[in-house]
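What follows is a short report on a single structure.
So you know, we letter chains A, B, ... as the sequences are listed, proteins then strands, and number each from 1. All heavy atoms count here, side chains included; hydrogens, waters and symmetry mates do not.
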Amino acid sequence: MNSFPIIRVITKLLIPYILLFGLYVQFHGDFGPGGGFQAGVIFAAALILYGLVYGLPAVHKVAPPKVIEKLTALGLLVYAGTGLACMLLGGNFLDYDMLNHGFLTELPAALDFLPGDKPHHFLPEGQHLGIFLVELGVGITVTAVMTMIFYAFAGRERVTT
Amino acid sequence: MTPENLIWVAMLLPLVAIALVFIVGEKSPNIRESCTIGISVALFWVTTRLAGFVFSGGRPTFKLGEMLPGFEIAFTVEPLGMLFALVASGLWILTTIYAIGYMRGHHEKNQTRFYACFASAIFAALAAAFAANLFTLFVAYELMTISTYPLVTHHGDEKAKKGGRIYLGILLSTSVAFFMLAIAWTWTVAGTLEFTPGGILAQPNIDGKISDFQLSVLLGLFAFGIGKAAIMPFHRWLPAAMVAPTPVSALLHAVAVVKVGVFSILKVSIYIFGIDLISETRLGEGANPVMMSDWLCYLAGATILIASLVAMTKDNLKARLAYSTVSQLAYITLGAALATSDSVIGGGMHIAMHAVGKITLFFCAGAIYVGAHKTNISDMRGLGRAMPLTMGAFLLATLSIIGLPPGGGAWSKWFLALGTVQTGHFWLLAALMVSSLLNIAYLIPIPIRAFMTPIGETPMKFKEAPMMCVVPLCITAVGSVVLFFFGNEIYDVLLPIASSAR
Amino acid sequence: MTEILGLYNYWIVIFLMMTGFYIVIARENLIKTIIGLNIFQTSVFLLYITMGKVTHGTAPILKASHGGESHGVEHGVEHGAEHGHELHAAAEGHVDLGVDAVKEVYSNPIPSVLMLTAIVVGIATTALALALVVRIREEYGTIEEDEILEMDRNS
Amino acid sequence: MIEQLPVLVIVIPLMAAPLFVLIGNRKLVLLLTQLVCWTVFGITVSLLSRMQYGPISYELGGWPSPYGIVYSVDYLSAFVMLFVSGLAAIVITYAPKSIDQEVHHSKHSLFYASYLLCMTGLLGMCITGDLFNVFVFLEISSLSSYALISLGKTRRAPLAALHYLIIGTVGATFFLIGIGLLYQMTGTLNMADIASRLQAVESSRTMLVAFAFMTVGLFIKMAVFPLHTWLPNAYTYAPSVVTCFIAATATKVSVYAFIRLIYVIFTPQFAFERLPLDQALMAFSLVGIFVASTAAIYQTNIKRLLAYSSVAQIGYMLLGISMSNVGGLTAGISHMFNHALIKGGLFMVVGCFALRIGSLKLEDLRGAGKTMPLTSFAWVVGGLGLIGVPMTAGFVSKWLLLTSALSLELWPVAVLMLLSSLLAVVYIWRVVEILYFSPASHLAQTAKEAPMAMLIPTYIVIGSTIVFGCWTVYSAGIAQAAAKSLLGISQAGGIQ
């Protein structure tokens with residue numbers, strides 16, 4: 001599809017917004033609808049779109065298959081590691097309340113001058129932090145897996161029968 | 001040593017023999033065989049020590065442990081088992097000596113496997129003889145089947161394979177399909193499998209847990225399940241197993257395997273049913289109710305006659321002996337089924353008498369094969385002059401098998417005949433007599449033909465088999481005559497098993 | 001009549017389920033089989049999701065006045081118990097959240113959450129199945145099952 | 001850390017699997033896999049040893065039951081986990097040489113990762129007390145086993161894996177439908193909670209439908225007779241090591257799930273008294289035993305022969321379960337254990353043959369008894385166990401089954417069961433004759449004895465079938481404790 005300028009330009013325009021939307025969904029996960037899985041799929045969609053339009057070599061440069069393979073594992077480790085951290089802190093597996101850290105949870109007085117409603121939390125803790133980390137892990141893994149599936153199929157040689 | 005310790009020492013010895021045989025292996029056959037002989041002598045000594053205790057009224061017990069909740073592996077020695085153990089361990093020595101001569105004279109392969117399996121079969125025989133409950137007996141019985149299979153298929157050719165298939169097929173099928181079922185049924189009905197004087201099924205019978213007819217069916221399951229007793233129609237394995245080398249046929253198919261079968265049947269009828277229960281339970285209405293074991297008596301009688309008749313048609317010596325064994329085993333089953341104290345003692349005695357007699361015959365068959373390479377009776381004309389010792393021993397053993405004095409078999413047949421009279425089974429008495437005639441007809445011609453031929457026809461190029469073969473068979477032949485003079489002692493020894501009923 | 005029509009979601013589910021199942025059984029083409037499998041799975045997703053929907057219910061998002069405070073303060077078992085209770089009540093379809101007696105009806109979120117997992121599983125299955133089909137095609141040169149079996153029989 | 005043991009069983013292999021993908025070094029990954037498997041085995045041993053103080057439950061994330069996910073360990077689950085992890089450990093110790101030969105080197109770290117995931121899934125199915133979680137773990141184990149099977153050397157492996165995948169997914173989806181319907185009725189996913197709520201619901205049509213879907217779903221997974229078609233191909237074409245592990249454990253865990261389903265969730269009164277499932281199960285299992293054993297007799301590939309025998313053996317387990325008394329259930333549970341050992345051991349033997357002879361056709365194995373005496377002897381011992389000869393593990397379970405059938409006066413069942421074990425004699429002995437008493441084939445003549453690294457684990461497993469045939473405190477004994485505790489739940493209903 002290299003030869004269709006309109007598609008190329010539109011794709012270039014679209015991809016940043018897709019990524020941005022992915023980030024939004026990702027980081028909104030512990031407050032409202034959204035989360036790692038959806039975000040991961042959106043992220044991967046951006047990569048796959050890029051690959052479809054610009055070809056496999058191009059997207060391999062952006063996201064090398066080796067890295068993607070490792071990311072699959074890394075995301076899962078972030079997830080399980082969060083659970084393990086809770087355990088090491090003395091709770092049960094995935095007991096996020098163990099992640100309370102009491103560090104900068106309230107808005108510092110120095111920032112009082114900011115306009116508008118003050119947010120509840122400054123740095124998330126406990127349940128929020130736990131869910132955030134888990135969602136992050138899920139997001140990474142899903143992005144990587146989706147991309148990897150794409151690579152796996154797109155990278156196959158054509159079979160002649 | 002206390003009798004309790006003697007039990008486990010006795011059973012450990014064959015296992016030691018297996019280990020030694022494997023360790024020494026093919027490297028030095030002389031050491032391997034001397035190990036086996038040494039241990040068999042030690043075993044015989046241990047069993048005689050044990051016999052001293054048991055025959056003077058002791059009942060030593062040894063518990064190995066619980067295999068399943070409620071099912072123990074335990075050993076108690078009583079006179080019948082002791083007699084069997086004595087016979088098996090005593091004949092093991094002679095068979096080993098004989099086997100050395102035979103196997104070397106024949107250049108057989110896989111001798112290490114042979115001696116190891118042999119020892120494990122003896123182990124199984126001892127375990128069966130000492131078993132304190134039906135469960136242990138069953139385990140030993142199956143062990144016997146498995147450990148003798150490689151012996152039957154020793155030659156490894158197509159014929160041996162086929163024989164092995166029939167052997168294993170019939171023995172395993174009957175034991176799994178009938179014997180195991182019978183044991184489980186006994187367990188569900190009686191709640192115990194302990195061999196108890198007087199039997200364990202009498203009480204459930206009174207309680208109505210098992211009807212008279214069901215008892216008869218259960219007896220049938222046992223009789224057919226113990227395929228090693230070779231009741232027709234499950235006798236085919238015995239002739240099939242004759243493809244084995246002769247020492248195997250001798251020890252296993254005259255002593256260990258078949259005797260485990262009839263021994264089990266005796267045990268079941270004495271200690272599981274109780275001879276009173278068998279003899280007093282009547283089936284059918286009206287004036288002439290039949291004994292619940294009547295059908296088994298007649299089946300045994302039929303087996304005696306048919307097997308004898310079949311034996312007459314066989315020209316192959318080992319095959320003829322095999323069918324003779326089928327017929328003789330049915331005597332013992334008959335003794336168990338008649339269930340009078342005399343018939344049971346007769347059956348127990350016949351285990352010993354037949355063992356010594358039949359092993360002699362097999363030894364002779366092997367010796368003829370080694371010395372003259374003859375297997376068919378029709379070819380043995382005039383052999384008596386070439387092999388006088390062998391054929392003389394054959395004649396002596398023949399007397400015992402037929403039941404003529406001074407052969408030991410006379411006594412056991414006498415007591416069996418008494419049993420038939422006491423229970424009023426005159427047809428069976430007739431069958432016993434006819435079978436003796438048949439025995440004469442198919443056994444006596446062999447030595448006669450061997451000796452009574454004109455000198456001119458005698459092929460003089462043959463000579464006696466090696467001494468290792470001839471000496472054991474002479475000993476057993478003499479033994480079968482000696483036993484005749486010890487009939488009273490054996491009767492006294494076995495009396496407790498029959499009188500324990502009341 | 002209303003009883004039958006009122007359960008229209010189940011009719012749809014059953015229709016889809018049977019369609020998918022039929023395709024799985026009847027089609028020889030491996031890709032079509034996988035598509036059938038997907039339809040079959042999707043029907044189950046629908047079954048769950050429609051089950052969780054409460055008429056006129058909204059998305060079960062806790063208001064800041066309620067949920068926000070409780071999250072920071074409560075811990076452990078107490079917290080869990082309360083949370084669980086809410087969910088549980090939601091499952092039964094009529095929910096009375098918050099002490100200030102604001103009656104709001106929420107749909108049950110649990111079936112949707114479960115289905116999220118099931119969808120992931122479904123994707124994994126499909127991906128694996130497709131990968132296998134690719135390999136099969138590379139080995140045999142066809143994805144028609146009867147042809148493949150024919151080749152196996154001959155080899 | 002001790003109270004964390006239940007979750008560690010799952011977490012350790014689950015975390016190790018992605019770690020392997022990160023590491024990628026073949027040798028290191030192998031070492032770690034073995035380490036992880038043995039650690040998990042150690043944990044399950046300590047969990048089982050804790051059972052005498054009562055069942056353990058572990059709340060994930062501190063959420064109390066029935067709202068959160070609970071991991072619960074009782075005699076039954078601890079017992080099943082013990083042999084699953086034990087066999088996983090011993091098989092992976094045995095594996096390296098065989099895998100070296102059968103799987104491409106570049107795939108090794110992924111292979112070991114999938115292996116661990118498969119084990120995780122199986123263990124998870126045992127330990128979790130949450131019904132939906134069962135489904136998730138079921139799919140984890142299934143997906144990884146599809147992948148493992150597809151790694152087989154021949155080109156039929158992917159096809160076998162795909163067939164298994166399609167049938168398996170249909171089964172799992174059936175299970176999922178059942179869970180959905182149960183959730184609809186009770187509003188909870190916690191098994192114990194569902195059970196207590198179902199008592200209030202008189203058997204409604206929904207409950208029946210849910211029960212039917214879940215039962216059929218699990219039947220597919222455990223390869224009950226008419227639904228077994230996926231199994232022979234999957235076992236035959238998978239790499240030897242995979243077959244060892246899956247054949248020994250996967251179907252047993254599905255049987256475990258089925259036991260839970262009947263005895264914990266739906267109660268035996270519902271399944272066996274209101275519904276005639278016991279008779280149906282008996283019929284299915286007996287027919288299955290006969291048909292599959294007969295099929296096994298006619299196979300020409302040793303792996304396929306064992307695969308059909310597995311289908312038959314599942315029948316014995318179901319037979320025990322269908323009796324719904326302590327004896328029958330004990331027999332069923334201990335047969336799970338005994339058969340896992342026996343079949344695991346036999347497939348390990350087959351793996352040795354595959355390594356040295358390179359073919360699993362019976363005609364190529366002729367005369368291997370001469371060149372590979374130790375391997376062949378292991379086959380004989382394992383085969384005797386499968387037949388159920390006394391002093392082997394197989395005898396113990398058959399004996400238990402027989403006595404409990406007789407105590408229920410199920411005469412035909414008892415007789416048929418005994419007759420069926422004669423079929424096992426035929427198919428095992430056929431191979432024995434081929435190994436020992438046939439002229440050697442071209443391939444077997446030049447074969448060497450299998451390496452000690454494989455023989456020792458094989459002999460440990462095969463030897464344990466003898467040990468557990470003579471000494472049953474820790475096999476039938478625990479199975480009985482498990483059966484009692486399962487039936488204790490339903491004692492209110494008056495089941496004997």
Side-chain angles (χ1 to χ4, degrees), chain A residues 30 36-37 64-100 126-145 147-149 151-153 155-156 159 161, chain D residues 1-25 29 32 36 43 56-65 67-72 106-110 112-114 116-117 120 124 127-130 133 136 140 143-144 147 150 155 158:
Chain A
D30 54 332
F37 183 71
K66 277 244 151 48
V67 175
I68 290 291
E69 191 183 308
K70 304 289 174 197
L71 278 181
T72 326
L74 190 71
L76 200 52
L77 281 178
V78 170
Y79 185 157
T82 310
L84 210 60
C86 301
M87 250 162 81
L88 294 176
L89 290 169
N92 275 359
F93 188 71
L94 289 176
D95 190 349
Y96 303 137
D97 287 325
M98 293 302 135
L99 297 174
N100 285 338
Q127 293 288 338
H128 280 288
L129 182 57
I131 293 174
F132 173 77
L133 287 173
V134 164
E135 294 288 2
L136 190 65
V138 173
I140 295 171
T141 300
V142 172
T143 312
V145 167
T147 318
M148 205 158 75
I149 293 174
Y151 283 178
F153 289 122
R156 285 277 167 177
V159 186
T161 47
Chain D
M1 232 24 198
I2 280 178
E3 66 275 12
Q4 305 286 356
L5 287 182
V7 78
L8 283 179
V9 169
I10 307 298
V11 170
I12 292 176
L14 192 63
M15 280 195 75
L19 207 59
F20 291 173
V21 179
L22 281 184
I23 295 170
N25 180 319
V29 164
L32 281 176
V36 166
I43 295 175
I56 303 171
S57 78
Y58 180 92
E59 289 158 351
L60 231 63
W63 300 85
S65 91
Y67 309 113
I69 292 172
V70 179
Y71 283 0
S72 57
S106 63
K107 288 180 182 154
H108 275 198
S109 55
L110 292 174
Y112 291 119
S114 308
L116 279 189
L117 280 180
T120 314
I127 203 171
T128 187
D130 180 283
N133 227 318
V136 173
I140 290 179
L143 281 170
S144 39
S150 75
R155 65 176 183 176

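Contacts of residues 76-86 of chain A with chain D at a heavy-atom distance below 4.5 Å involve A:Leu76, A:Leu77, A:Ala80, A:Gly81, A:Leu84, listed in sequence order.
Taking each heavy atom of A:Ala73 and D:Pro18 in turn, the nearest pair found is CB-O, 3.0 Å. Nearest heavy atom pair, residue D:Tyr58 against residue A:Phe93, reads OH-N, 2.5 Å.
The side chain to side chain contact (heavy atoms under 4.5 Å, CB included) check on A:Ile140 picks up A:Leu71, A:Leu136, with sequence neighbours excluded. Applying the side chain to side chain contact (heavy atoms under 4.5 Å, CB included) criterion to D:Leu14, with sequence neighbours excluded, gives D:Leu117, D:Thr120. A:Tyr151 meets the side-chain hydrogen bond (donor to acceptor under 3.5 Å, both in side chains) test with no other residue; sequence neighbours excluded.
In this structure, the portions of D:Val21 lying under 4.5 Å from any heavy atom of chain A include both its backbone and its side chain.
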